[in-house]
Amino acid sequence: MAALCRGKHRWRRTNCLYVSTRNLTGKYDYDLVVIGGGSGGLACSKEAAQLGQKVAVLDYVEPTVKGTKWGLGGTCVNVGCIPKKLMHQAALLGAAVKDAKKYGWQITGPVCHDWATMAEAVHNHVRSLNWGHRVQLQDKKVKYLNLKGSLVDKHTVKGLSKAGKETILTAKNVVIASGGRPKCPTNVPGAMEHGITSDDIFWLKKSPGKTLVVGASYVALECAGFLTGVGMDTTVMVRSIALRGFDQQIAGLVTDYMKTYGTKFAWKCVPKRVDKLSSGALQVTWTDTQTGNDHKDTFDSVLWAVGRAPETKALGLDKLGVQLNKETGKIVLGADESTSVPNIYAFGDIGEGRPELTPTAIKAGKLLAQRLAGQTTELMNYDSVATTVFTPLEYGCVGLSEEEAEKRHGKDGIEVYHAFYKPLEFTVAERDASQCYIKVVCERAGDQKILGLHFTGPNAGEVTQGFAMGFQCGATYSHLLQTVGIHPTCAEEVVKVNITKRSGLDATVTGC
Ligand code: FAD
Ligand code: NAP
């Protein structure tokens, strides 16, 4: 191939690669090269381009062991929030159909769910988002490269295509937003060969059937919730507690509700091996850690939801001396998302101590782009980020759990207001509302600043989002009481909480 000459850049040929080198004026191919086109990387690159920076974003998806792969947009769009919420919605609709009969809808014949129809509709939506992201990058003049990126030096990124072709890009600043991928236990024979992860479940064309979900945090409980909701026989294997880090009283309500609606739980159990039987079924052997006894059962699918590992291995960070946390493998970052190497930044799921949530990755990415373009000095505020677990009974929260508030302020330093309420929608439907609960954890002294707000019930994400703003503004218990409710809603119960846990009085809401 002939040597190339493009613009101001000089090109040289090394091992059949065309490499653009920095020109004599010290300029680079790009102001910014972003590795990873997920929630954070896309937001950062688009913002930078809007601010007049010359930007390239590299995004590459390594297929799973099962061969599942997807398009541009990262975890949230393809194998996270979006397909998860849509499948959660499918499950909620199943419950609504049951309620509908009580509301007078004449539904004749059995109501069945067809996985393939749901999957196709979800895939079509995800593909439309993949396309939308490509169009947006084009519109904003961000160069999108479907290449696997790694660092050569602090201003040079190597991109590798699926076919093995290398491209070198130089940039003033490099941003790493390569996210994470699900883990699979290495000490459980058969786990990898026979199991799937959240990177596969949303792309299955056929129903997963009877499923064992191993793990008990966000991903495990959300997946188990929608699987149960669309009619799968589903068991959750919990090795310790559910929803570590969340308010444990509420975690108990969430799992109780799931149990009531058909999810099975194997508490304090750990998987030992997975064998494929001649029938094709998966035989799982596990140990009950309380008794030490082993148990066996067969499943059609085993879903590992045992956490996520950062995507740092292929990035060549060790050669450059980018500091990683040895335990987690995540990149150690300053408050301005800087790594230990100048001109290299990182954020999102790859960042040590950062919440693994889409909105934080997006906001952090936008702010970083603005700072790099000299538009602001504002830093990302990672404090008190609200979140919702989309389990069959949704759980939204912001701030501290009761346990954490007690640890920081002492039992006598906090006042906990709480209420068990019944959503109006549940009444005619004759649904059990025992787990619909509100907890507002406050400082005991002074204005009773709110330290944590927790809500389980329908549309918990929508409810919590509004209160999250109040929380950011430093809301107190008196602010809550000064707020007039919207009737009839579940959210109004939050502004009406008046029973303290300390009083021991019945916290069940009666009347309007
Ligand atoms: P990602 O979105 O993971 O993007 C990283 C991208 O970089 C990927 O496309 C990856 O393939 C690519 N990449 C990796 N290495 C390279 C490389 N060397 N070169 C080029 N490209 C590379 N968060 C919420 O806020 N709400 C939810 O409801 C929610 N639900 C979730 C459900 C599930 C099942 C999971 C797994 C996660 C969920 N999350 C949710 C978390 C959310 O998806 C992540 O926090 C978010 O996607 C992180 O964004 P990111 O930009 O850091 O990384
Ligand atoms: P996680 O929060 O790290 O939880 C991992 C779970 O797996 C824990 O219950 C853990 O139990 C268990 N586990 C780990 N190793 C195990 C093993 N070898 N055997 C059995 N169980 C094991 O991981 P995640 O659920 O994958 O979530 C990752 C992140 O994604 C979350 O932090 C969240 O920020 C994000 N996310 C967000 C949403 C949302 O916003 N709705 C949804 C999904 C994911 P122990 O507690 O005993 O360690």
Side-chain angles (χ1 to χ4, degrees), residues 216-218 221 238-259 265 267-268 290 353 355 381-389 391 393-422 433-457 460 463-464 466-483 485 490-510:
S217 195
Y218 276 95
L221 296 188
V238 188
R239 75 168 173 189
S240 59
I241 55 167
L243 293 177
R244 182 177 298 286
F246 285 90
D247 189 287
Q248 282 301 297
Q249 181 195 4
I250 304 212
L253 296 175
V254 167
T255 51
D256 282 354
Y257 186 91
M258 288 178 73
K259 203 165 150 230
F265 284 86
W267 292 99
K268 306 268 189 272
Q290 284 176 313
N381 174 11
Y382 289 103
D383 252 6
S384 308
V385 171
T387 184
T388 290
V389 188
T391 33
L393 184 70
E394 296 175 5
Y395 167 27
C397 62
V398 57
L400 304 182
S401 64
E402 186 178 345
E403 297 90 333
E404 189 56 35
E406 210 174 287
K407 217 179 336 168
R408 294 192 197 178
H409 298 266
K411 206 174 172 56
D412 287 335
I414 61 169
E415 195 72 271
V416 178
Y417 295 90
H418 67 158
F420 283 97
Y421 71 101
K422 185 158 192 158
S434 321
Q435 290 89 16
C436 292
Y437 183 61
I438 289 156
K439 180 190 274 191
V440 184
V441 184
C442 304
E443 280 177 4
R444 198 169 174 201
D447 288 344
Q448 297 198 293
K449 186 170 188 287
I450 300 173
L451 301 170
L453 192 146
H454 305 261
F455 175 96
T456 61
V463 172
T464 312
F467 287 107
M469 192 178 102
F471 196 89
Q472 280 297 333
C473 298
T476 62
Y477 178 63
S478 5
H479 288 135
L480 210 59
L481 289 191
Q482 283 160 25
T483 307
C490 295
E492 73 176 313
E493 302 301 341
V494 178
V495 299
K496 286 169 26 189
V497 277
N498 60 73
I499 304 289
T500 65
K501 254 193 169 180
R502 192 184 307 279
S503 71
L505 295 173
D506 183 0
T508 309
V509 174
T510 48

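Expressed to the nearest 0.5 Å, how far CZ of F471 lies from OG of S384 amounts to 4.0 Å. To the nearest 0.5 angstrom, L253 atom CG is 8.5 Å from D247 atom CG. With rounding to the nearest 0.5 angstrom, the CD1 atom of I414 is 11.5 Å from the OG1 atom of T500. Atoms OH and NZ, on Y421 and K496 in that order, are 11.5 Å from each other to the nearest 0.5 Å. Note that CG of L481 and CG of N498 are 8.0 Å apart. Values are rounded to the nearest 0.5 Å.
Side-chain contact between Q448 and S478: absent, with no pair of heavy atoms (C-beta onward) separated by less than 4.5 Å. Contact annotation: the side chain of V389 never approaches that of V254 to less than 4.5 Å [non-hydrogen atoms, C-beta and beyond]. Taking the side chain as every heavy atom from C-beta outward, F420 and S434 never approach each other to under 4.5 Å.
In this view, T508 and D506 satisfy the side-chain hydrogen bond (donor to acceptor under 3.5 Å, both in side chains) rule, not counting sequence neighbours. For the side chain to side chain contact (heavy atoms under 4.5 Å, CB included) test, residues two or more places apart in sequence or in another chain that qualify with A433 are K422, P423, F426, C436. Every side-chain hydrogen bond (donor to acceptor under 3.5 Å, both in side chains) that S240 has, sequence neighbours left out, goes to R244. Shown here are the side chain to side chain contact (heavy atoms under 4.5 Å, CB included) partners of A242, two or more places apart in sequence or in another chain: A216, L221, T255, W267. Applying the salt bridge (charged side-chain N to carboxylate O under 4.0 Å, His left out) rule to E404 yields the partners K407, R408; only residues at least two apart in sequence or on another chain are considered. Applying the salt bridge (charged side-chain N to carboxylate O under 4.0 Å, His left out) test to E402 and every residue at least two apart in sequence or in another chain returns K439, K501. Under the side chain to side chain contact (heavy atoms under 4.5 Å, CB included) criterion, R444 pairs with D412, E415, R502, sequence neighbours left out. Applying the side chain to side chain contact (heavy atoms under 4.5 Å, CB included) rule to T387 yields the partners Y218, F246, L357, C397; only residues at least two apart in sequence or on another chain are considered. Taking Y257 as the reference, R431 meet the side-chain hydrogen bond (donor to acceptor under 3.5 Å, both in side chains) condition, with sequence neighbours excluded. Contacts of S401 classified as side-chain hydrogen bond (donor to acceptor under 3.5 Å, both in side chains), with partners at least two apart in sequence or in another chain: E403.
Side chain of E394 to backbone of A460: a donor-acceptor contact under 3.5 angstrom is found. Between the side chain of S503 and the backbone N or O of I499 there is no donor-acceptor pair closer than 3.5 Å.
Among all heavy-atom pairs drawn from L243 and S217, the shortest one is CD2-C, 3.9 Å. For the pair I438 and C490, the tightest heavy-atom approach, listed with the atom from each and the gap, is CD1-O, 4.3 Å. Taking each heavy atom of A405 and V441 in turn, the nearest pair found is CB-CG1, 3.6 Å.
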- prompt: Would V495 and F467 count as a side-chain contact (heavy atoms from CB on, under 4.5 Å) if you check the C-alpha gap in whole Å, the side-chain angles of each, and the deciding distance to 0.1 Å?
  reply: CA-CA 10 Å; V495 299; F467 287 107; 3.9 Å; yes
Side-chain donor-acceptor contacts of residues 449-457 below 3.5 Å, not counting sequence neighbours, with atom names and distances?
residue : atom : partner : partner atom : Å
H454    : ND1  : Y395    : OH           : 2.8
H454    : NE2  : L400    : O            : 2.8
T456    : OG1  : Q435    : O            : 2.7
T456    : OG1  : Y437    : N            : 2.9
T456    : OG1  : Y437    : O            : 3.4

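Shown here is D447, whose CG atom has no more than 12 heavy atoms of other residues, nucleotides or ligands within 6.0 Å.
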